Amino acid sequence: MVAYWKADNNTLDSVDAHNGTIVGSLTYEPAVINQGFNFTGNAANRLTVTDFMDPSSGSNLTVVLWVKKRAVSTIATYVNKFQTSGDNG
């Protein structure tokens, strides 16, 4: 395991130092295990994490998450990697 965000009222990585940063008004709410992130469906409210995977290394990536959708018809992106200005990744 490379990273694990428990969402227990913080964005700290419980495995290493890949701590997240809240953008917008992401909040916490009760979850199956302790707390969870409350994503409102607004893309402006999110958790960002600095890229720590090197795609050229040939390493595989597995992402596991629990999701409680509030509406069946809602289309959502749960994990996304994108390039920011000046980033070569």
Side-chain angles (χ1 to χ4, degrees):
M1 183 180 305
V2 176
Y4 177 37
W5 298 273
K6 293 182 179 181
D8 288 338
N9 292 313
N10 64 57
T11 59
L12 301 177
D13 174 10
S14 300
V15 174
D16 205 336
H18 309 296
N19 298 330
T21 301
I22 291 177
V23 177
S25 59
L26 182 66
T27 59
Y28 304 94
E29 68 177 26
V32 174
I33 301 174
N34 299 325
Q35 296 287 310
F37 296 114
N38 180 14
F39 296 96
T40 62
N42 181 339
N45 302 325
R46 61 190 183 276
L47 175 70
T48 63
V49 179
T50 302
D51 187 5
F52 53 86
M53 299 297 293
D54 181 3
S56 64
S57 70
S59 297
N60 294 322
L61 172 66
T62 301
V63 177
V64 178
L65 56 119
W66 293 11
V67 176
K68 176 184 175 184
K69 292 184 74 167
R70 288 176 173 50
V72 175
S73 62
T74 303
I75 297 172
T77 300
Y78 298 107
V79 178
N80 188 11
K81 179 179 177 178
F82 58 92
Q83 184 173 339
T84 59
S85 178
D87 181 11
N88 293 325

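Computed from a predicted structure; not experimentally measured.
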Considering all heavy atoms, the nearest Asn19-Leu12 contact: OD1-CA, 3.3 Å
Hydrophobic cluster membership, Val2 vs Trp5, 4.5 Å side-chain cutoff: yes
Smallest heavy-atom separation, His18 atom then Ala3 atom, equals CD2-CB, 4.1 Å
Going by the rule ring pair (Phe, Tyr, Trp, His ring centres under 6.0 Å), which residues pair with Tyr4 if we only count those two or more places apart in sequence or in a different chain? none
Thr11 and Leu47: which non-hydrogen atoms are nearest, and at how many Å? CG2-CD1, 3.5 Å
Starting at CG of Asp13, measure out to OG1 of Thr50 and round the result to the nearest 0.5 Å. 11.5 Å
What closest approach, in Å, do Phe39 and Arg46 show between heavy atoms, and which atom pair accounts for it? CE2-CA, 4.2 Å
Minimum heavy-atom separation for Gly36 and Ala31, please, with both atom names. N-CB, 3.6 Å
Gap separating the CG atom of Leu26 from the OG1 atom of Thr21, nearest 0.5 angstrom: 11.0 Å
Between Asn45 (side chain) and Gly24 (backbone), is there a donor-acceptor pair under 3.5 Å? no
Filter on salt bridge (charged side-chain N to carboxylate O under 4.0 Å, His left out), then keep only pairs touching residues 34-45, sequence neighbours left out; what's left? none
For Tyr28 versus Asn9, what's the shortest heavy-atom pair and its separation? CZ-C, 3.6 Å
